[in-house]
Amino acid sequence: MVNWRREDLARIFSALVLPVDESERLDRGALRALVEMELSDGVEGFYCCGSSGEGLLMSLEERMQVVEDVMNTVNGRVSVVAHVGTVRTQDVITLARHAREVGCTAISMIPPYYYHFSLEEITGYYEAVARAVPDMPIILYNIPQFTGVEFTKENAARLMENPNIIGIKHTSHNLYALERLSMAYPDKCYLNGFDEMFLGALAMGAEGTISTTANLFAPLFLRIREAFRAGDMARAQRLQHQLNARVETLVKHGIFAATKYGCTLRGVPCGACRAPFAPLSEAGKEAVRRLLAEPIDFC
């Protein structure tokens, strides 16, 4: 049976963005600097090669290189989860075995996409990976707006009963589904995926988050959780409102490109998102500059 500790996953994870140079090549020095900058912000873990990290725009070799560089930079200070999902099961297994070899805390994966696979095929995909890396904790990645698949208590029952599957990253506006899953399977770990719903997700069973905007605003997430745990909902709401104002601006201009530009302004050059993403507009750059200049009221 797979071994895992809740305290290693019930954390504030940065969904780490991908630093690249002008030719879209991975900038390994910037990646290491970004990890260090975010650790100084209080980030409690890193989620590599997910949506924010442009994982599906990288080769398998690049994905493994990112995971290795993050693991080497972290050097045991915080948890690291490798997103290994893609459409071909054998590629997922290759990435999963690599993540195990370099010592990742867990792996996570989206369901296979594009071909409108059946529920039986999707379930089989996860089970095949669990068999291939039986000692590796697996986190389902529920992101229906990208994959067309939404995990619920009903359709994910077989997966949730698998001891290798220890939790879900819930990037869905359906907090009712999150609450039902957390009540049905309280032994699993639930991680929020939509930054703008962090406080609501905590109330519905999430214990942590995997966040794009934690690349820039990790202290806000830490204070929201602190206020929630203390029962100070008025303060938690004030902090969530401040976070949401920032999320709104970033989403308006393309959240991944805007977040990378924000990291660049903070001193770590991250470049643009890989094509076919469009470059951040000049208006977007100005909006991010203004956003980072705005003070945060932590009271």
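Please read all numbers here as calculations on a predicted model, not as lab measurements. For reference, positions follow the sequence shown, starting with 1.
Partners of F221 by ring-ring contact (aromatic ring centres under 6.0 Å, His included), not counting sequence neighbours, listed by chain and number: F198. A search for side chain to side chain donor-acceptor pair (under 3.5 Å) contacts involving D135 returns R100, not counting sequence neighbours. Q65 meets the side chain to side chain donor-acceptor pair (under 3.5 Å) test with D69; sequence neighbours excluded. Contacts of D8 classified as side chain to side chain donor-acceptor pair (under 3.5 Å), with partners at least two apart in sequence or in another chain: R5. Evaluation of the ring-ring contact (aromatic ring centres under 6.0 Å, His included) rule for F194 yields H173 as partners, not counting sequence neighbours. Residues that satisfy the salt bridge (charged side-chain N to carboxylate O under 4.0 Å, His left out) test with E207, not counting sequence neighbours, are R6. Evaluation of the salt bridge (charged side-chain N to carboxylate O under 4.0 Å, His left out) rule for R63 yields no partner, not counting sequence neighbours. In this structure, the side chain to side chain donor-acceptor pair (under 3.5 Å) partners of E120, at least two apart in sequence or on a different chain, are R158.
Looking only at distances, a side-chain donor or acceptor of S108 sits under 3.5 Å from a matching main-chain atom of I139. The main-chain N or O of L280 is never found under 3.5 Å from a side-chain atom of K285 such that the two would form a donor-acceptor pair. Side chain of S172 to backbone of N174: a donor-acceptor contact under 3.5 angstrom is found. Looking only at distances, a side-chain donor or acceptor of K188 sits under 3.5 Å from a matching main-chain atom of I165. Of the possible polar contacts, one joining the T264 side chain to the C270 backbone as a donor-acceptor pair under 3.5 Å is found.
Taking each heavy atom of Y190 and G205 in turn, the nearest pair found is CB-O, 3.8 Å. The minimum heavy-atom distance between T89 and Y125, with the atom names listed, is OG1-CD1, 3.5 Å. When all heavy atoms of A96 and V84 are compared, the closest pair comes out as N-CG1, 3.9 Å.
Note on residues 216-238: pairs passing side-chain hydrogen bond (donor to acceptor under 3.5 Å, both in side chains), not counting sequence neighbours, are E44-R225, E226-R235. Listed by first then second residue, pairs satisfying salt bridge (charged side-chain N to carboxylate O under 4.0 Å, His left out) with a partner in residues 250-275 read D41-R266, E54-K260, E62-R274, not counting sequence neighbours. Within the structure, ring-ring contact (aromatic ring centres under 6.0 Å, His included) pairs that include any residue of residues 61-96 comprise H83-Y141 (at least two apart or interchain).
Rounded to the nearest 0.5 angstrom, T94 OG1 and L60 CG are separated by 6.5 Å. The structure places OG of S52 at 9.0 Å from CG of L16, a figure rounded to the nearest 0.5 Å. Between the OG1 atom in T249 and the CD1 atom in I255 there is a gap of 10.5 Å [rounded to 0.5 Å].
With 3.5 Å as the limit, one finds no donor-acceptor pair spanning the side chains of N72 and E68. Side-chain polar atoms of Y47 and S14 form no donor-acceptor pair below 3.5 angstrom. S211 and D195 form a side-chain donor-acceptor contact under 3.5 Å, judged by distance and modelled atom types alone. For T73 and E36, the side-chain atoms include no donor-acceptor pair closer than 3.5 Å. A donor-acceptor pair shorter than 3.5 Å cannot be found between the side chains of N215 and T259.
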Extract all donor-acceptor atom pairs below 3.5 Å that involve side chains of residues 175-183 and protein atoms in other chains or at least two apart in sequence.
| unit_1 | atom_1 | unit_2 | atom_2 | d |
| --- | --- | --- | --- | --- |
| S182 | OG | L178 | O | 3.3 |
| S182 | OG | E179 | O | 2.9 |
| S182 | OG | M204 | O | 3.4 |

Worksheet item: Would F217 and I296 count as a side-chain contact (heavy atoms from CB on, under 4.5 Å) if you check the C-alpha gap in whole Å, the side-chain angles of each, and the deciding distance to 0.1 Å?
Response: CA-CA 10 Å; F217 306 118; I296 298 174; 4.3 Å; yes

Item to complete: In sequence, state the C-alpha distance, the side-chain angles, and the governing distance for E294 and R290, and then conclude on salt bridge (charged side-chain N to carboxylate O under 4.0 Å, His left out).
Response: CA-CA 7 Å; E294 292 179 10; R290 290 197 304 269; over 6 Å; no

Discussion item. Pair V78, R11 - check side-chain contact (heavy atoms from CB on, under 4.5 Å), show working.
Written reply: CA-CA 10 Å; V78 297; R11 297 185 174 201; 4.1 Å; yes

Discussion item. One pair to check against side-chain contact (heavy atoms from CB on, under 4.5 Å): V20 and R25. What are the steps and the verdict?
Written reply: CA-CA 5 Å; V20 297; R25 291 187 297 258; over 6 Å; no

Item to complete: Would you check, one step at a time, whether the test side chain to side chain donor-acceptor pair (under 3.5 Å) holds for E248 with N244?
Response: CA-CA 6 Å; E248 184 176 30; N244 284 5; over 6 Å; no

Practice prompt. I would like to know whether M58 and V66 meet side-chain contact (heavy atoms from CB on, under 4.5 Å); could you show each step before the answer?
Written response: CA-CA 10 Å; M58 283 193 279; V66 165; 4.0 Å; yes

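Using a 4.5 Å heavy-atom threshold, the side chains of P144 and F151 count as separate. For the pair E150 and N155, the minimum side-chain heavy-atom distance is 4.5 Å or more.
Within a 6.0 Å sphere centred on CD of Q145, heavy atoms belonging to other residues, nucleotides or ligands number more than 12.
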